[in-house]
Amino acid sequence: MAYESASPERRAYYDKLAPLHTAPLWEVLGTIVPREPTSKSKAHLWRYGALRPLLLEAGELLTAREAERRVLVLENPAYAGQSRSTSTLYAGLQLILPGETAPAHRHTPSALRFMIEGEQGFTEVGGERTTMREGDFVITPPWAWHDHGNEGDEPVIWMDGLDIPILQYFESVFSDPYEEEQHPLSRPEGDSMARYGQGLLPMDATSPYGMTSPIFNYPYDRTREALVKSAQGAVPDPHLATTLRYSNPIDGGWAMPAMATWMTHLKRGQSTLPMRSTDSQVMHVVEGSGSVTIGDQTFNFGPKDVVALPGWQRRSLVASDDCFVFFFSDRAVHEKLGFYREQRFSA
Ligand code: 1HN
């Protein structure tokens, strides 16, 4: 029972409050408004090598159509059974086998896909299809129809990132199934890239997806080349190494409304100084191995591993070979609502 340290008089008083569904703020003020954030989430590393065989085993147990989405949720150890990887972010690994399709639907949470395996997976978003290759970052905006498929002869695996826990908090999750297996195509593949992804914009550019970038596939070959060239051209930032963020070409902001996304490149032997920020993050290792220190824990990572990074814990990276690491975080919300904070340390 709460208020154990309170005097008998006060506890007798509190007992009169409880049936009226009221409570004394002074007993909890320091907890609900602490001097600094205390994250309940745990730092955690999911090793891809351990999960891949289990994901493929799910492929023998049920079809993508049966599952609707055949996904292993990466659940934070602090939130077992709650389908979340940090307090605010959902991440999962999705499998589509050759020839399979995952039926069209839409929902209010935004989704991102970060491609891990396979070169012939596709997703259809709001009437346009994109082929998804390893390292591509692909967006499904809120309430956009989407279905997926695999036209190759190898399994297709990607990481899903969704802002579901945020929408759950706001009790604003809606979803709809589409009446057909696949939503019809209304534009040729590459249309959005041609209009928005070449450093050009339509003369009267309006945003077809509201606060979400109209580019819905940021291909890895371009991202990687941009990072490699940027690293050659400048001294890396001590805390960020070489980091480029995915941006919405219409307003220069984050590519997605709630989730910030970026990629960090470190060369072999390079490291970052610790920093902390209020956003919680999920990182996915595209290439390379090294270690990430989160608070007082250090995790060694290899290619394709996924790590949950709770907010406001000191984070730093060390690369044992050339690394490319994708991040998504709830920072876009922190910034829009005015409570984003960060602190950079010199050692
Ligand atoms: C969803 O719609 C997808 O479209 C993936 O691939 C993961 C997790 C929770 C709710 C909806 C998808 C999801 C999801």
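In each ligand, atom 1 is the first atom listed, and ligand 1 is the first ligand listed.
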Check this for me - ligand 1, Tyr90, N or O atoms closer than 3.5 angstrom, yes or no? no
Aromatic Tyr3 / basic Arg11 pairing, under 6.0 angstrom, 45° off normal: no
When the ring planes of Tyr246 and Tyr218 are compared, do they come out parallel, tilted or perpendicular, using 30° and 60° as the limits? perpendicular
Minimum non-hydrogen distance to atom 14 (C) of ligand 1, winning option of Thr140, Asp147, Leu162: Leu162
Heavy atom of the protein closest to atom 1 (C) of ligand 1 (residue, atom name, distance): His107 NE2, 3.6 Å
How are the rings of Trp145 and Tyr178 set to each other: parallel, tilted or perpendicular (split at 30° and 60°)? perpendicular
Classify the angle between the aromatic ring planes of His107 and His105 as parallel (below 30°), tilted (30 to 60°) or perpendicular (above 60°). perpendicular
Look at the aromatic rings of Phe326 and Phe328 and report parallel, tilted or perpendicular, splitting at 30° and 60°. tilted
Against heavy atoms of Arg113, which atoms of ligand 1 measure under 4.0 Å? 3 (C), 4 (O), 5 (C), 6 (O), 12 (C)
Among His105, Arg69, His148, Met159, whose heavy atom sits nearest atom 2 (O) of ligand 1? His105
Please determine whether the number of non-hydrogen atoms from other residues, nucleotides or ligands lying under 6.0 Å from atom NZ of Lys229 exceeds 12. no
among protein heavy atoms, the one nearest atom 5 (C) of ligand 1 is Asp160 OD2, 3.4 Å
I need the nearest protein heavy-atom contact for atom 10 (C) of ligand 1: residue, atom name and distance, please. Ile164 CD1, 3.6 Å
